[in-house]
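Working notes for the structure below.
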Amino acid sequence: MSKPLVLLIDDDSAFVDSLEEVLGNLYDTLRANTIGSALALLREKSVEAILLDIDFGGKLDGLQYLPDIINESALAPVIMLTGNQSTDAAVQATRAGAFDYCTKPIDRTRLLTTLRNAIDKCLANRTKVELINERKQQHPLIGSSEVMKKIRDRIARIAQSEETVLITGETGTGKEVVARQIHYHSRRAGQRFIAVNMAGIPNELMEAELFGYLKGAFTGAFESTSGYFGAAKGGTIFLDEIGLASLAAQSKLLRAVEMKEYTPLKATTPVSADIRIVAATSRNLDSEMKAGRFLPDLYYRLNAFSVHIPALREHKSDAIELFNHFMLLKADELGVSPKQLTPEARIELTEYPWPGNVRDVKHLVEKSLVLSDQDNIDSDELRELVGSNQTRKGPAASSTLAARLRDCEREIISSALAANNFNRTATAASLGIHRVTLQDKLKDLGLEQINR
């Protein structure tokens, strides 16, 4: 195992020699006798800690160039070295970002302890960065179209702020993926990301689930709980389908946004809300406000920044990239070889309107891997994967991929409704979708009035 690498920046060669003796065989070292040469080394090498002399030739160059050293250090902490007469400058340096300082003459125990702590911090930070980058790759925003490039750019800008964000778009467009990208590009990336499905929480339990409660707050509350907001402390909370929140919960959310605090049920003392709130909705909140179902003040507070995710039919060129992305993931999960689309099938894929958006692409991939015997999927095979011969009324009817997918979806939902005695909550659960998603699909497929 290689030793940690420490960069020694000092214009006194004899002093650097003594530093290397103190460090002994514990660390490998690099030497730089000017700030310029130190910056050049940091651009070429990855070090775990930096020892920086504050005083170069009677000038406080170390302090002056500390920001440049930190900027190039790639998470390596900087320990300032100073004479007793310059301790005020060393304290100033720690306030400016230095990890710590040691005074000359060097106390070996003090230096080695400080250096060990600095290296531990460096390695922990690098592990955190690697984890964040891994999570970014697990939840990527797929698409090379101009609209997706603009969304990625907007995410990168918004992520630098601490303000609330409202994400809008149809069901299945990937609003949670956008929320995660905002989190992973923010300063809170190393903290928790808590996703809350508002559609899945009964109105009578919404306040308790979001803000927690004290023991005995209601029948069955045998232990106190911190709720979703408590779990997200220091990180980001994603409130999906915010338009379904009860007015009582909205009122408490408004206070959490405005005052940065909330009060659990039956509690008398508010709790600090060090949380970034990102909300999403597939509903038209303007209509919800006019109908009195959504608080205007909460809307304006949540909408400090907004990101609109267009329907996939508005950037259909990304469908192939999405198909290939999900194909590689799912094939690896199943332990099978990924399938390819013929040129004709690729064209047909980009002509489909995708009523279920990105989610439809994912489902199509799953069907392809399970049902297709072909390595290369052509347009005829693609149509067979999204429908059955029985759904076709004639040679021209239901001949496109769009129509076949629609016929198949209608048949599946109709059968699920019948199997669940037309109970829509149970039907949504059996299909693995939210009830609001089922409602949207029933309307889109002309099934809204079925046994209602």
Side-chain angles (χ1 to χ4, degrees), residues 138-145 147-148 169-178 282 309-392 397-416 427-428 430-434 437-438 440-442 444-445 447:
Q138 289 174 347
H139 303 277
L141 197 58
I142 303 298
S144 301
S145 62
V147 66
M148 295 308 292
E170 293 180 6
T171 299
T173 49
K175 295 187 286 294
E176 183 174 335
V177 172
V178 170
S282 60
I309 313 301
L312 184 52
R313 61 181 173 276
E314 297 176 32
H315 55 111
K316 292 188 286 187
S317 62
D318 291 324
I320 294 173
E321 195 171 340
L322 284 163
F323 183 93
N324 291 335
H325 169 73
F326 290 128
M327 177 61 73
L328 290 174
L329 288 181
K330 195 65 180 178
D332 182 65
E333 179 185 322
L334 296 175
V336 298
S337 298
K339 298 180 183 297
Q340 305 293 325
L341 293 170
T342 65
E344 294 78 10
R346 290 165 65 91
I347 292 172
E348 188 143 10
L349 207 67
T350 59
E351 292 177 348
Y352 179 54
W354 303 108
N357 295 296
V358 176
R359 192 171 294 150
D360 275 354
V361 183
K362 187 175 182 179
H363 291 165
L364 181 59
V365 166
E366 292 169 347
K367 288 183 180 181
S368 300
L369 287 168
V370 173
L371 300 177
S372 176
D373 294 324
Q374 306 298 321
D375 292 330
N376 296 310
I377 301 173
D378 59 24
S379 54
D380 289 335
E381 175 77 3
L382 204 57
R383 295 189 194 109
E384 290 300 322
L385 289 168
V386 295
S388 62
N389 291 331
Q390 286 75 17
T391 63
R392 302 182 67 173
S398 301
S399 59
T400 66
L401 175 60
R404 301 296 293 279
L405 275 171
R406 192 177 180 82
D407 288 343
C408 183
E409 192 169 34
R410 184 183 289 108
E411 183 179 342
I412 291 172
I413 291 177
S414 297
S415 298
T427 299
S430 70
L431 292 170
I433 60 177
H434 301 324
T437 304
L438 177 63
D440 291 341
K441 287 189 175 295
L442 291 175
D444 180 63
L445 297 168
L447 300 173

Could you go step by step and tell me if Lys175 and Ser282 meet the side chain to side chain contact (heavy atoms under 4.5 Å, CB included) rule?
CA-CA 9 Å; Lys175 295 187 286 294; Ser282 60; 4.1 Å; yes
In this structure, which one of Thr173, Leu322, Leu349 forms a side chain to side chain contact (heavy atoms under 4.5 Å, CB included) with Trp354?
Leu349
Working for side chain to side chain contact (heavy atoms under 4.5 Å, CB included), residues Asp318 and Val358
CA-CA 10 Å; Asp318 291 324; Val358 176; over 6 Å; no
Do Ser379 and Thr342 have side chains that approach each other closer than 4.5 Å (heavy atoms only, starting at C-beta)?
no
What I'd like to find out is whether the side chain of Arg359 reaches to under 4.5 Å of the side chain of Thr171, using heavy atoms alone.
yes
Donor-acceptor pair, Asn357 side chain versus Leu312 backbone, under 3.5 Å?
yes
What's the verdict on side chain to side chain contact (heavy atoms under 4.5 Å, CB included) for Leu328 and Asn324, showing C-alpha distance, side-chain angles and the deciding distance?
CA-CA 6 Å; Leu328 290 174; Asn324 291 335; 5.6 Å; no
Is there a side-chain contact between Met327 and Lys339 (heavy atoms, below 4.5 Å)?
yes
Between Glu381 and Asp373, which heavy-atom pair has the shortest distance, and what is it?
OE2-N, 4.1 Å
Checking Ile142, Val361, Leu369, Leu364 against Phe326 for side chain to side chain contact (heavy atoms under 4.5 Å, CB included), the one that qualifies is Val361
Is any side-chain heavy atom of Arg346 closer than 4.5 Å to one of Leu341?
yes
Starting at OG1 of Thr427, measure out to NZ of Lys441 and round the result to the nearest 0.5 Å.
14.0 Å
With side chain to side chain contact (heavy atoms under 4.5 Å, CB included) as the criterion, how do Thr350 and Ile320 come out once you've worked through the C-alpha distance, each side chain's angles and the decisive distance to 0.1 Å?
CA-CA 7 Å; Thr350 59; Ile320 294 173; 3.6 Å; yes
Are there over 12 heavy-atom neighbours, none belonging to Lys362, within less than 6.0 Å of that residue's NZ?
no
Does the side chain of Val365 reach to within under 4.5 Å of the side chain of His325, using non-hydrogen atoms?
no
The test is salt bridge (charged side-chain N to carboxylate O under 4.0 Å, His left out); show your working for Glu170 and Arg313 and say whether it passes.
CA-CA 11 Å; Glu170 293 180 6; Arg313 61 181 173 276; 2.4 Å; yes
Over all heavy atoms of both residues, which pair between Ile377 and Ser372 is shortest? Give the atoms and the distance, please.
CG1-OG, 4.2 Å
Heavy-atom side-chain contact between Val147 and Glu314 under 4.5 Å
no
When rounded to the nearest 0.5 angstrom, what distance separates CD in Glu351 from CD in Glu348?
6.5 Å
Please find the pair of heavy atoms, one from Pro140 and one from Val177, that lie closest to each other, and give the distance.
O-CG1, 3.3 Å
